[in-house]
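We count ligands from 1, going down the list as the structure has it; atoms in each ligand are counted the same way.
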Amino acid sequence: MARALLFQLLLLTALAAPSQGNHLGPTSRLRYSRFLDPSNVIFLRWDFDYKAEIITFELQVRTAGWVGLGVTNRYTRVGSDLVVGGVLPDGNVYFSDQHLVDEDTLEKDGSQDAELQRLTEDAVYTTMRFSRPFRSCDPYDQDITSDTVRVLAAYGPDDTLKLHRERTFVKSIFLLQMIQPDDLHVPEDTIIHDLELTDFLIPEDDTTYACTFLPLPIVSKKHHIYKFEPKLVDRSETMVHHILVYACGNASTLPTGISDCYGADPAFSLCSQVIVGWAVGGTSYQFPDDVGISIGTPLDPQWIRLEIHYSNFHNLPGVYDSSGIRMYYTSQLRKHDMGVLQLGFFTFPIHFIPPHAESFMSYGLCKTEKFEEMNGAPVPDIQVYGYLLHTHLAGRALQAVQYRNGTQLRTICKDDSYDFNLQETRDLPYRVEIKPGDELLVECHYQTLDRDFLTFGGPSTINEMCLIFLFYYPRNNISSCMGYPDIIFVAHEMGEEASDSMEGMMAMNNVEWTPENIKKAEKACKEAQQTVIIKTIDEIVENTTGWVPEITPTPRGPCSESSGGKVEPQDKAPAGFRTAPVALSGSSTATPRRLPLAALLLGQGAVSWLLATLQSRV
Ligand SMILES: *[C@@H]1O[C@H](CO)[C@@H](O)[C@H](O)[C@H]1NC(C)=O
Ligand SMILES: *[C@@H]1O[C@H](CO)[C@@H](O)[C@H](O)[C@H]1NC(C)=O
Ligand SMILES: *[C@@H]1O[C@H](CO)[C@@H](O)[C@H](O)[C@H]1NC(C)=O
Ligand SMILES: *[C@@H]1O[C@H](CO)[C@@H](O)[C@H](O)[C@H]1NC(C)=O
């Protein structure tokens, strides 16, 4: 009887739900999934409605106790949000929106912003499915943004809500990803080619960057690469940290063998145009249906540099690795050839970051007015569809901003909580057009509280980088466009003598890096004239100059009021043992109008009640 009622309710809500809310229905397929812990105990599925700004999570944990899912940050668990729920031994369900007041204590939020869709427990799993707005109006909820999100998951062996270090996990995930490979077209005549190391003995050092140069397949006519997939070997899987594939220009003479990418032989860092990136926790990447990397024509790259970053934290000896990237290509040509435009701060020691900096911003300017002249043919407007961000360990945030005729048009891409360990290609929610003449500014945000010495720009991990790769079509010959400030001006602003760039760089070592001087240097670097270096794929180089424009922050969108209504402080229900208030009528005005009916009805405790009824009768 209760089952029939549940079925009817589901049917009713499924029919009533507006079509764009399909992703958010209680039974619909959630497109994305990931394990959140190394032992594969916690499995997360998720999906979102980008327009309605609602995300749905389904957390499945091998436990009969409580489960929790939320968002935290890089520095502290305190203040993290955590939506918790579970099924009591008597079959009753509890569910609530909470936050961490210290490392292991939870407190219920005054505003309940998570909408329960389903909470079940069987012999193996507890499964909790709920939705929440990207941005609620509750200061205790962290926003879901297109930044890297540090997803916090926790569970307990029973229904006592207490965090325990061994059952609490944080994983960086790019939640708002735009394309799911399953939804994309797979050509019939796919050919596979592996770009991999062969029996590489992983050094016993903590960190190794191994590089080798590999040919792309030789094909007699034009083909398109349309997909990349990590190819990991069981034994070394936990040691492969990230993999980058760079396209080589024709002009370079490449070394043979495998060597340290950024070590004694600088030839092993040749080829700087990233075409795909994979990092721990990532999956495969497939290009949008209308884009591919062209191979087989004289204009195409013939070689790539494969860079594998190993983390051998336990210093294990004798581990051989043959990891790499599997690429899929086809003769069924797509509409566009993909191109890569590298933006940012020119990678060399004029880029400096002071030590002990809570925050230090660097800027690299690109002016596209010379693109036409350097390209050797007219440059059609560039349509950007994806990007990859790159700094080393001190990087905290990056963004690329576009200007036309002196006016800021938009932020093309940004990540305010960059994670070095999650360097992956990301698709933009819409295509961004860049016209010749536009200016593009990259801003990189660093933190060096743990460093005693200056950090300089350079390829090694002890150096820093500030790069954004834009993936676009139709392809042109420009490969990079990067800026750097007048270091002599900066030195003078810091009260140092300098008559050339070398002296300017050296002078930075004489500065006493107090917080005031750090701010002063940041300001001087921003106000200094920028030299913009533009390169083509054939390594033709030209330069121009410009000034760093102001960045007007994009205002954050409005927050979504909770549809559950405010829980007043005098509410005496014990934290965590109470479903969201069943105040359906009173709260309807506060419900965002785009919220599908299903989520609305099911979120109001109706389902918990139904499920509880069902279970107590089993
Ligand atoms: C690259 O080299 C190949 C073989 O040497 C040549 O045929 C091709 O024209 C070159 N491509 C460019 C863009 O210079
Ligand atoms: C910039 O402004 C000038 C003069 O108003 C105009 O001719 C030109 O088309 C503008 N450029 C772009 C890219 O809009
Ligand atoms: C690249 O440059 C060559 C001349 O060096 C030109 O013929 C070709 O059209 C350019 N390619 C594109 C895509 O603009
Ligand atoms: C910029 O270009 C000019 C003219 O081609 C050249 O003399 C100068 O050395 C270049 N400057 C830099 C910093 O590359």
Side-chain angles (χ1 to χ4, degrees), residues 216 221-225 247-252 271-273 275 287 290-302 333-352 362-385 431 433-439 456-458 466 469-491 498-506 525 528-548:
L216 285 166
K221 62 173 185 167
K222 178 165 171 158
H223 284 64
H224 268 148
I225 302 172
C248 296
N250 243 1
S252 323
C271 313
S272 59
Q273 208 164 46
I275 52 174
F287 293 84
D290 54 346
V291 191
I293 298 182
S294 170
I295 53 171
T297 85
L299 292 170
D300 299 329
Q302 292 169 348
L333 296 182
R334 281 131 183 267
K335 203 165 163 205
H336 304 290
D337 293 341
M338 170 260 223
V340 184
L341 179 62
Q342 179 176 337
L343 303 174
F345 201 123
F346 197 83
T347 305
F348 72 153
I350 280 187
H351 188 195
F352 71 89
S362 295
Y363 298 88
L365 180 69
C366 166
K367 290 173 78 177
T368 64
E369 75 213 5
K370 288 204 172 182
F371 279 18
E372 195 101 9
E373 162 200 333
M374 292 181 69
N375 188 48
V379 178
D381 294 346
I382 289 169
Q383 309 292 331
V384 182
Y385 68 86
R431 309 231 157 143
E433 186 172 78
I434 298 173
K435 289 180 179 297
D438 287 357
E439 292 189 353
F456 287 107
C466 170
F469 299 90
L470 296 184
F471 302 115
Y472 70 91
Y473 60 82
R475 177 169 65 155
N476 62 50
N477 289 326
I478 311 297
S479 68
S480 70
C481 180
M482 294 185 285
Y484 62 87
D486 176 359
I487 192 77
I488 304 170
F489 170 86
V490 177
S499 53
D500 61 28
S501 294
M502 195 63 193
E503 285 179 20
M505 254 149 45
M506 307 287 280
C525 289
Q529 188 177 53
Q530 288 252 326
T531 301
V532 181
I533 306 283
I534 306 156
K535 278 190 192 168
T536 69
I537 49 172
D538 303 317
E539 317 264 343
I540 297 165
V541 185
E542 282 209 42
N543 66 63
T544 178
T545 57
W547 303 93
V548 172

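Of all the heavy atoms in I534 and M374, the pair that sits closest is O-CE, 3.4 Å. I350 and P485 make their closest contact through CG2-O, 3.7 Å (heavy atoms, listed as atom of the first residue, atom of the second, distance).
Using a 4.5 Å cut-off on side-chain heavy atoms (C-beta onward), Q529 and W547 make contact.
One option in I540, T536, N477, I537 has a heavy atom closer to atom 12 (C) of ligand 3 than any other, and that option is N477.
Of all protein heavy atoms, the one closest to atom 9 (O) of ligand 3 is A377 CB, 3.6 Å. Protein heavy atom in closest approach to atom 14 (O) of ligand 3: N375 ND2, 2.9 Å.
Taking the six-membered ring where the residue is Trp, F471 and Y385 present tilted rings, their angle falling between 30° and 60°.
Between D300 and the choices H223, K222, R475, the side chain to side chain donor-acceptor pair (under 3.5 Å) rule is met once, by R475.
Taking distance alone, with nitrogen or oxygen atoms compared against 3.5 Å, N476 stays at or beyond that limit from ligand 3.
Distance screen at 4.0 Å: atom 7 (O) of ligand 4 has no protein heavy-atom neighbour inside the cut-off. The presence of a protein heavy atom under 4.0 Å from atom 4 (C) of ligand 4 is ruled out.
A donor-acceptor pair under 3.5 Å is formed between the side chain of H224 and the backbone N or O of R334.
Below 4.0 Å from some heavy atom of R475 lie the following atoms of ligand 3, by number and element: 13 (C). Contact atoms of ligand 4 toward N543: 1 (C), 2 (O), 3 (C), 8 (C), 10 (C), 11 (N), 12 (C), 14 (O) (distance under 4.0 Å to a heavy atom of the residue).
A salt bridge between E433 and K435 is present, with a side-chain N of the basic residue lying under 4.0 Å from a carboxylate O of the acidic one.
Contact between Y484 and ligand 4 is present, with at least one heavy atom of the residue lying under 4.0 Å from the ligand.
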